[in-house]
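First the structure, then my questions, so here it is.
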Amino acid sequence: MVSKKISYKEKFEQLSHQMISVYITFYVWKALQNEAYNEVYKIDGSFWSAVIPSLQHEWFIALARLYEDSKYSKAGSVISVYALIPEHPNKERAREAEEFLKKNSK
């Protein structure tokens with residue numbers, strides 16, 4: 001089987017969908033932190049004790065994947081911000097993004 005090379009645009013769209021997913025998951029989790037829902041949580045505590053930590057876990061893991069800087073992102077196996085920058089069609093913009101990440105990471 002021959003693997004198809006994914007274009008920059010397709011990778012960018014995948015990364016964009018991942019970012020939207022992180023955003024949605026975070027805000028669902030955050031909304032469920034409201035104290036007003038405590039009575040609802042008592043109705044089916046087993047369900048909520050699994051769902052709320054799962055949402056938190058999901059957005060933490062997904063956020064980490066977005067900014068993964070590893071051999072997998074460098075090889076293009078993982079689509080992350082770091083994997084996309086070298087392929088950016090505007091090299092000046094790519095350099096600026098890379099400098100921004102270096103300045104604001106760790």
Side-chain angles (χ1 to χ4, degrees):
M1 184 172 137
V2 177
S3 63
K4 177 188 164 203
K5 181 158 171 50
I6 301 174
S7 71
Y8 176 82
K9 182 180 178 191
E10 290 170 315
K11 288 180 181 180
F12 183 85
E13 287 173 358
Q14 287 180 7
L15 186 66
S16 175
H17 290 296
Q18 290 174 11
M19 287 180 172
I20 291 167
S21 177
V22 169
Y23 175 83
I24 290 169
T25 306
F26 171 77
Y27 279 101
V28 168
W29 170 81
K30 183 140 176 75
L32 292 173
Q33 302 305 305
N34 190 330
E35 225 176 85
Y37 296 129
N38 285 347
E39 290 304 312
V40 174
Y41 300 150
K42 289 179 186 175
I43 295 169
D44 195 357
S46 297
F47 172 78
W48 291 109
S49 67
V51 168
I52 293 173
S54 295
L55 285 167
Q56 182 180 26
H57 178 79
E58 172 56 29
W59 71 262
F60 272 137
I61 296 297
L63 188 61
R65 272 194 309 258
L66 287 176
Y67 293 97
E68 181 175 336
D69 186 19
S70 69
K71 67 179 182 178
Y72 299 108
S73 61
K74 288 178 177 72
S77 302
V78 172
I79 296 175
S80 70
V81 171
Y82 288 99
L84 222 50
I85 288 175
E87 296 182 32
H88 195 287
N90 181 332
K91 296 305 175 195
E92 178 60 26
R93 184 75 174 127
R95 187 188 57 72
E96 289 173 7
E98 199 168 74
E99 286 176 6
F100 177 84
L101 287 171
K102 282 180 186 173
K103 178 181 170 188
N104 293 291
S105 63
K106 296 176 178 85

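Since the model is a prediction, treat every value here as computed from it, not as a measurement.
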So which atom in A83 and which in P86 form the shortest heavy-atom distance, rounded to 0.1 Å? O-CD, 3.6 Å

Between L101 and D69, is there a side-chain heavy-atom distance shorter than 4.5 Å? no

The reported gap from CZ in F60 to CZ in R65 (rounded to nearest 0.5 angstrom) is 14.0 Å

Given side chains that start at C-beta, do those of I52 and Y41 come closer than 4.5 Å, heavy atoms only? yes

Donor-acceptor contact below 3.5 Å, side chain S54 vs main chain A50: yes

Look up atom CD1 in I6 and atom CD in Q14, then write down how far apart they are to the nearest 0.5 Å. 5.0 Å

Output yes when a side-chain donor or acceptor of S21 lies under 3.5 Å from a complementary backbone atom of H17, and no otherwise. no

Side-chain heavy atoms under 4.5 angstrom apart, residues restricted to Ile, Leu, Val, Met, Phe, Trp, Tyr: same cluster for V81 and F100? no

Check ion pair K103-E99 (N to O, under 4.0 angstrom): no

If two hydrophobic side chains count as joined below 4.5 Å and joins carry through other members, does V51 share a cluster with I43? no

Hydrophobic cluster membership, L66 vs I61, 4.5 Å side-chain cutoff: no

Contact between W59 and I24 at the side-chain level, heavy atoms closer than 4.5 Å - yes or no? no

List the steps, then state whether salt bridge (Lys or Arg N to Asp or Glu O under 4.0 Å) holds for R95 with E92. CA-CA 5 Å; R95 187 188 57 72; E92 178 60 26; 2.3 Å; yes

I need the minimum non-hydrogen distance between L15 and I79, along with the two atoms involved. CD1-O, 3.8 Å

List for me each residue that meets side-chain contact (heavy atoms from CB on, under 4.5 Å) alongside H88, sequence neighbours excluded, and say none if there are none. Y8, N90, R93, A94

So CD1 of I20 and OG1 of T25: to nearest 0.5 Å the spacing works out to 11.5 Å

Beyond-backbone contact of V40 with W48, side-chain heavy atoms, under 4.5 angstrom: yes

In Å, rounded to the nearest 0.5 Å, how long is the span from CG of N104 to OH of Y67? 10.0 Å

How about S7 and E10: does a side-chain donor come under 3.5 Å of a side-chain acceptor? yes

If you count the non-hydrogen atoms of other residues, nucleotides and ligands that lie under 6.0 Å from NZ in K9, is the total more than 12? no

Is it true that K42 and E39 have a side-chain N and a carboxylate O under 4.0 angstrom from each other? yes

With rounding to the nearest 0.5 angstrom, report the CG to CD distance, L63 to Q18. 11.0 Å

Just verifying a value: how many Å separate S80 OG and K11 NZ, rounded to the nearest 0.5 Å? 10.0 Å

